[in-house]
Amino acid sequence: CDYGLSRRFGIPRSLSMSAMKERSERLRAIRAIIRANRIDSQERLLQLLEEEGHSVTQATLSRDLKYLKVGKISDGHSGYYYAIPSEEERRESERHYVQDFQRGYVSIDWNQSTVVVRTFSGHSDAVSLAIDNMGLEEVLGTLAGRDNVVFVALKEGVKGEDFIAAMKRKIPDLEID
């Protein structure tokens, strides 16, 4: 839960912080379960999470797996199992996304809740995917235009300047005109 949703629905902010802590603990549990077991299905992972006291929906689990960049790898015989990338693999993947972003973006502009990234022709999909996969907490989602623009929806309460600061943490030499 973000603070904006808490205000809108009258949920005390302490519950929002509690939900963030719960998610963080759940993500740690998912990592530990996957590292300790050969998990071949979300159903099995949901069962093991439940045994550890984490009750979640399949949709939430799917989002968590995507956030953690969990993939399925072959067991060498006839099946696949979940695996979490190593820290080195994660950094390498992020380097590729940063390169894709830098290769494709032309300029960035923003207002209160939306960022517009202009791209070179044909690069909007790659730039959108790069932003989605950089793990920026400020971003609600992206929408790639047909050819040369990406719209970035920011989470409630996040300003364009916050997005730029987050991008500069990921890409220190990012130039904003």
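Quick note: residue numbers are just sequence positions, from 1.
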Is there a donor-acceptor contact under 3.5 Å linking the side chains of Ser62 and Gln58?
-> yes
Side-chain donor-acceptor pair present, Thr60, Arg63, cut-off under 3.5 Å | yes
Minimum side-chain heavy-atom gap Leu65-Ile34 below 4.5 Å = yes
Side chain Asp162, main chain Ile164, donor-acceptor under 3.5 Å | no
Do Tyr67 and Ile84 share a hydrophobic cluster, counting only Ile, Leu, Val, Met, Phe, Trp and Tyr and linking them when any side-chain heavy atoms are less than 4.5 Å apart?
-> yes
Determine, using the 4.5 Å side-chain heavy-atom cutoff (strictly less than), whether Val149 and Met167 are members of one ILVMFWY cluster.
-> no
Taking it one step at a time, do Leu45 and Leu61 satisfy side-chain contact (heavy atoms from CB on, under 4.5 Å)?
-> CA-CA 9 Å; Leu45 184 52; Leu61 178 59; 3.8 Å; yes
Could you tell me whether Arg91 and Glu94 make a salt bridge, using a distance below 4.0 angstrom between a side-chain N and a carboxylate O?
-> no
Rounded distance (nearest 0.5 Å) linking atom CD1 of Ile176 with atom CG of Leu174 = 4.0 Å
Would you say Val56 and Ile39 are hydrophobically clustered, going by side-chain heavy atoms of ILVMFWY under 4.5 Å?
-> yes
Using side chain to side chain contact (heavy atoms under 4.5 Å, CB included) as the criterion, point out the one residue from Arg44, Arg38, Gln42 that pairs with Tyr82.
-> Gln42
Closest non-hydrogen atom pair between Pro85 and Lys69, with its separation = CD-O, 3.1 Å
Out of curiosity, Leu154 CG to Asn111 CG, how far, rounded to the nearest 0.5 Å?
-> 8.5 Å
Could you tell me whether the side chains of Glu50 and His54 share a donor-acceptor contact shorter than 3.5 Å?
-> no
Would you kindly confirm whether Val98 and Val152 end up in one hydrophobic cluster when ILVMFWY residues are joined by side chain heavy atoms under 4.5 Å apart?
-> yes
Heavy-atom count around Lys66 NZ within 6.0 Å, excluding the residue itself: above 12?
-> no
Closest heavy-atom pair and its distance - Gly76, Ser74 = N-OG, 3.0 Å
Quick one: pull up CD1 in Ile131 and CZ in Phe163 and give me the separation to the nearest 0.5 Å.
-> 4.5 Å
How about Arg23: does its CZ atom have over 12 heavy atoms from other parts shown lying under 6.0 Å from it?
-> yes
Under 3.5 Å, is there a donor-acceptor pair linking the side chains of Asp147 and Ser121?
-> yes
Mind checking whether Leu68 and Met134 sit in one hydrophobic cluster, side chains of I, L, V, M, F, W, Y counted as touching below 4.5 Å?
-> no
May I ask you to decide whether Arg103 forms a salt bridge with Asp100, counting only side-chain N to carboxylate O separations under 4.0 Å?
-> yes
Any chance you could lay out the side-chain contact (heavy atoms from CB on, under 4.5 Å) test for Ser124 and Asn148, step after step, and finish with the verdict?
-> CA-CA 5 Å; Ser124 61; Asn148 61 355; 5.8 Å; no
Over 12 non-hydrogen atoms of neighbours within 6.0 angstrom of CZ in Arg146 | no
Any chance you could lay out the side-chain contact (heavy atoms from CB on, under 4.5 Å) test for Lys155 and Val139, step after step, and finish with the verdict?
-> CA-CA 6 Å; Lys155 289 185 178 176; Val139 174; over 6 Å; no
I would like to know whether Val158 and Leu140 meet side-chain contact (heavy atoms from CB on, under 4.5 Å); could you show each step before the answer?
-> CA-CA 10 Å; Val158 175; Leu140 189 60; over 6 Å; no
Flag the pair Arg169 and Glu138 as a salt bridge only when some basic side-chain nitrogen lies within less than 4.0 angstrom of an acidic carboxylate oxygen.
-> yes
Assign the ring pair Tyr105 / Phe101 to parallel, tilted or perpendicular, where the plane angle (0 to 90°) is split at 30° and 60°.
-> parallel
Heavy-atom count around Lys170 NZ within 6.0 Å, excluding the residue itself: above 12?
-> yes
From His123 NE2 over to Ser128 OG, what is the distance, rounded to the nearest 0.5 angstrom?
-> 14.0 Å
Evaluate the side-chain proximity of Val70 to Arg31: yes if any heavy-atom separation is below 4.5 Å, no if none is.
-> no
Is there a side-chain contact between Asn133 and Tyr97, using heavy atoms and a 4.5 Å cut-off?
-> yes
CD of Glu51: more than 12 outside heavy atoms within 6.0 angstrom?
-> yes
Do the numbers put Lys72 on top of the ring of Tyr80, so that NZ or CZ is under 6.0 Å from the six-membered ring centre and no more than 45° off the axis?
-> no
Hey, does the side chain of Thr142 reach the backbone of Phe151 with a donor-acceptor pair shorter than 3.5 angstrom?
-> no
Can you tell me how far CG of Leu48 sits from CD1 of Ile33, rounded to the nearest 0.5 angstrom?
-> 5.5 Å
Counting only heavy atoms not in Glu88, do more than 12 fall under 6.0 Å of its CD?
-> no
